[in-house]
There are 4 protein chains.
Amino acid sequence: MPSKECRVELLAHTPEPLSLIYAAFRQCYHAGFAGDMWQRLVAGDIDRQKQADFISQVLESGHASPIEHVSFTFAVEGVSRALTHQLVRHRLASYSQQSQRYVDGSNFEYILPPAIARNQAARARFEAFMAEVGSAYRDLKQILEQDGRKGAKANEDARFVLPQAAESKIVLTMNCRVLLHFFEERCCSRAQWEIRHMADMMLERCRGALPVIFRHAGAKCVRLGYCPEGERFTCGRYPLRDAGRGQP
Amino acid sequence: MPSKECRVELLAHTPEPLSLIYAAFRQCYHAGFAGDMWQRLVAGDIDRQKQADFISQVLESGHASPIEHVSFTFAVEGVSRALTHQLVRHRLASYSQQSQRYVDGSNFEYILPPAIARNQAARARFEAFMAEVGSAYRDLKQILEQDGRKGAKANEDARFVLPQAAESKIVLTMNCRVLLHFFEERCCSRAQWEIRHMADMMLERCRGALPVIFRHAGAKCVRLGYCPEGERFTCGRYPLRDAGRGQP
Amino acid sequence: MPSKECRVELLAHTPEPLSLIYAAFRQCYHAGFAGDMWQRLVAGDIDRQKQADFISQVLESGHASPIEHVSFTFAVEGVSRALTHQLVRHRLASYSQQSQRYVDGSNFEYILPPAIARNQAARARFEAFMAEVGSAYRDLKQILEQDGRKGAKANEDARFVLPQAAESKIVLTMNCRVLLHFFEERCCSRAQWEIRHMADMMLERCRGALPVIFRHAGAKCVRLGYCPEGERFTCGRYPLRDAGRGQP
Amino acid sequence: MPSKECRVELLAHTPEPLSLIYAAFRQCYHAGFAGDMWQRLVAGDIDRQKQADFISQVLESGHASPIEHVSFTFAVEGVSRALTHQLVRHRLASYSQQSQRYVDGSNFEYILPPAIARNQAARARFEAFMAEVGSAYRDLKQILEQDGRKGAKANEDARFVLPQAAESKIVLTMNCRVLLHFFEERCCSRAQWEIRHMADMMLERCRGALPVIFRHAGAKCVRLGYCPEGERFTCGRYPLRDAGRGQP
């Protein structure tokens, strides 16, 4: 039962994302048909920089829904059940997660928090405990099976001893608008370290695939130019919003 | 202002949809990582028929969420505002629709209902009325512009005379699970004729791209093997559910 | 076919909304059980001002999801189909709208845009046109019925002549988090005048029922203290965001 | 650290739920305004049985969206993190869950699965292990605090040892349409025992408050009159769907 590192793989995204977003935006404002424009777009007849500039300008004015047409699908492993429980709270997304009923946990792997890894006493205590979890899981599974509960029926109850640290794997799909929101929340220093690390890795992949949308993505402060978290929670990277300004 | 026919263009769908759904399903039930399996899938190392069979079998057992990872984006023109008002009631989808504020309606096109087209008197009355609409729109727009309201500000109020028949164009994205539900509702003979026609055209495109999911899609009765609409509404294609059976 | 004014009735909201939101917030941060605290809350054992202060403070720090537990249901009449088509684009809500298939449109009412009402020539042209619509609807309905299409089957096609101005009635439910977003978008001077007017009326009802949440609600600028719409679109009520500040 | 039983408290539901659903349904099909009818409904001028019969009949015909206007809010305690991780996968709902960052876990309680409780050896192994978890949590928290990580910062990492069995408390809101779906999935014998038990308790509360909607709610088979789970998974309470029938 070794500890495990987070791995993020970009499995797929909607093809021709720049042109698809451009076509959708144009459909809103112009007399022509996106279905006709599409042929010219995929043939490369419309300058990509021009497309990107148009998108940036309309996004800036607050019209964001057309970026929903493009989705990204990731496979993630090396993350804890503590993380996935937070992750699936983002409701505008699709998830396929490894089941603790159908997949045996006898040799589960786990996530080792960096603050524990850095402290020798903490790390020793944590690793000894993880060995004890494995032993408890296998003992319970054996007793339950002797009791006549096989396979999923035994896993289903034995997994009650598995820790929040237990490693999970998950496939997830979010569209670009949801991703921007996800990064705003989860790339912030107030987010839990593990999901923040995963969000940063996802953002890097998104930036590579579709810079026009993700170049300036990140925690809320990156977009706003100030920190909205208040004096008590701010990390200091950006200035707080001046409380005195903006009265009408 | 001629009448216009419905046109449905499939702009894009998530690439490698069969394998992506297969990988997501497998992630739920197996110890391995979808991110590793993905390389073998796109290299063609896993038989496509085997993938399709696995998907069919798990879907049949009621586990549908992994098909959400695959989305389809359509561009549609030649549909009425009556249709789009119904369409956007499907909330688990993304829409980019041609604006009646930003696009001038002086030469709007319109949808001619088949039952009206077939009746000479109805058709003549309808077409004469549509000419009158155009005239009212242009008159009002001119007055409003003389009054100092330009462009979008004039369109915004002049469009109050545009009919439900007025042609619209829209880009829409739905994932496979939503599409199956959409077809259940809108390919049914109880659906309004226009949206049913559009749904049939969308289904045809989906079937071509991803038969494993859409081969047996359609109105609810196609999946259920009986008509759930009741005696009053059934079209008679499938038998009604026998009210007497199934008591525990 | 007279013109009609917008009317907004608050049919219902979740009971004890202040205490319900307080209990939900507390459940996140405290060891006790909301189910136990609830009895003390409805008995009035916890000061309402203290509840309101706690809610304001946590909301300020960016934690908004607990306000979703409280919903408001409105009945609205005297709004155009142009408005309802925009309204139902807000997907995190529930709608029950008067059907143009099941409700006869022979004596439809309509919405008269203020800019048209103020101009004598525009108003005369608009009202004459509306009379012509009614005539076209009745003629078509009669022909379709003579053709054997009765009731909903005749309405369904005759309504293709009904204008965007045609009056509609709708029941809608939104939770507080969605309402705040709705008001940000629709109380802004960039919103179409009709939906803005309806949003203002809804906001007034919400403020009366739950001031802690809605006291400072409204267009985005009210919350932000500046206008995010950019130089081209700003109405000038709040200053634009200073482009020069906030660089890290 | 004793084990803990599930408790479900109904905190609130939309007031006058029967009449609200009736008014919403009527708004779809009738010329009048729900806002006017509402006064007569709350005054008791319309027979409640007549309202219930109308609702049942329209629901039967497949029109379900008006029941979304009514929501139920529950507070639940005595459920495991294994359960809540499944629960929050239901995305059309609102959740406020006790945080393992802000609430100390030194004296966490836990859920004891019945199959383990019934077997003396399993129970002894399980309970001894839970004591060991508490010890590991407290040790790690102490070390982290000595390392300078206080409060939430220490809890956040110490909780990695907390088990799936760890008790959680959560406030949740679902509308009636979502609840019907939730019960279809979670009152089924294929659902995990713990969430099924909670769903049964929720259903009992819903039935008491709004029998017209929930009288016949439950697992899919209750509505369908047959079991859709297939030969491999059926519990036998209802007959399987006859594979041979229903061919057009």
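Residue numbers start from 1 in every chain, and the chains themselves are labelled A, B, ... in the order their sequence lines are given, proteins ahead of strands.
- Listed options D:G35, D:C28, D:S19, D:A24 were ranked by heavy-atom pairs under 4.5 angstrom with chain C; first place goes to D:C28.
- The environment of D:R40 atom CZ is sparse: at most 12 non-hydrogen atoms of other residues, nucleotides or ligands sit within 6.0 angstrom.
- Distance check, rounded to the nearest 0.5 Å: CZ of C:F33 to CD of D:E77 gives 4.5 Å.
- A side-chain hydrogen bond (donor to acceptor under 3.5 Å, both in side chains) with C:S96 is found for one member of D:H69, D:R26, D:E68 and no other, namely D:H69.
- More than 12 heavy atoms of other residues, nucleotides or ligands shown are found within 6.0 angstrom of NZ on D:K150.
- Between chain D and the options C:Q97, C:Q27, C:H63, the largest number of non-hydrogen pairs under 4.5 Å is found for C:Q27.
- Few gaps surround CD on C:E145; more than 12 heavy atoms of other groups in view lie less than 6.0 Å from it.
- Side-chain atoms of D:Q98 come within 3.5 Å of backbone N or O of C:A31 as a donor-acceptor pair.
- Contact of C:V76 with chain D is made through the backbone alone, with heavy-atom distances under 4.5 Å.
- Neither the backbone nor the side chain of D:F74 comes within contact range of chain C; no heavy atoms are under 4.5 Å apart.
- For chain C, no part of D:L41 is nearby; none of its heavy atoms comes within less than 4.5 Å.
- Neither the backbone nor the side chain of C:F25 comes within contact range of chain D; no heavy atom of the residue lies under 4.5 Å from a heavy atom of that chain.
- Annotation: maximal heavy-atom pairing with chain D below 4.5 Å, among C:H30, C:R177, C:E9, C:M174, occurs at C:H30.
- When the candidates C:I170, C:L11, C:L10, C:D104 are compared by the number of heavy-atom contacts under 4.5 Å with chain D, C:L11 comes out ahead.
- Only the side chain of D:T73 comes within contact range of chain C, with heavy atoms under 4.5 Å apart.
- When heavy atoms are compared at a cutoff of 4.5 Å, C:L92 does not approach chain D at all.
- The contact between D:L20 and chain C is made entirely by side chain atoms (from C-beta outward), counting heavy-atom distances below 4.5 Å.
- When all heavy atoms of D:T14 and C:A12 are compared, the closest pair comes out as CG2-CB, 4.2 Å.
- Of the two parts of C:H13, only the backbone, made up of N, CA, C and O, holds a non-hydrogen atom closer than 4.5 Å to a non-hydrogen atom of chain D.
- Within the 4.5 angstrom heavy-atom criterion, atoms from both the backbone and the side chain of D:R7 approach chain C.
- When each of D:P66, D:P15, D:A23, D:A34 is scored by its heavy-atom pairs under 4.5 Å with chain C, the top score falls to D:P15.
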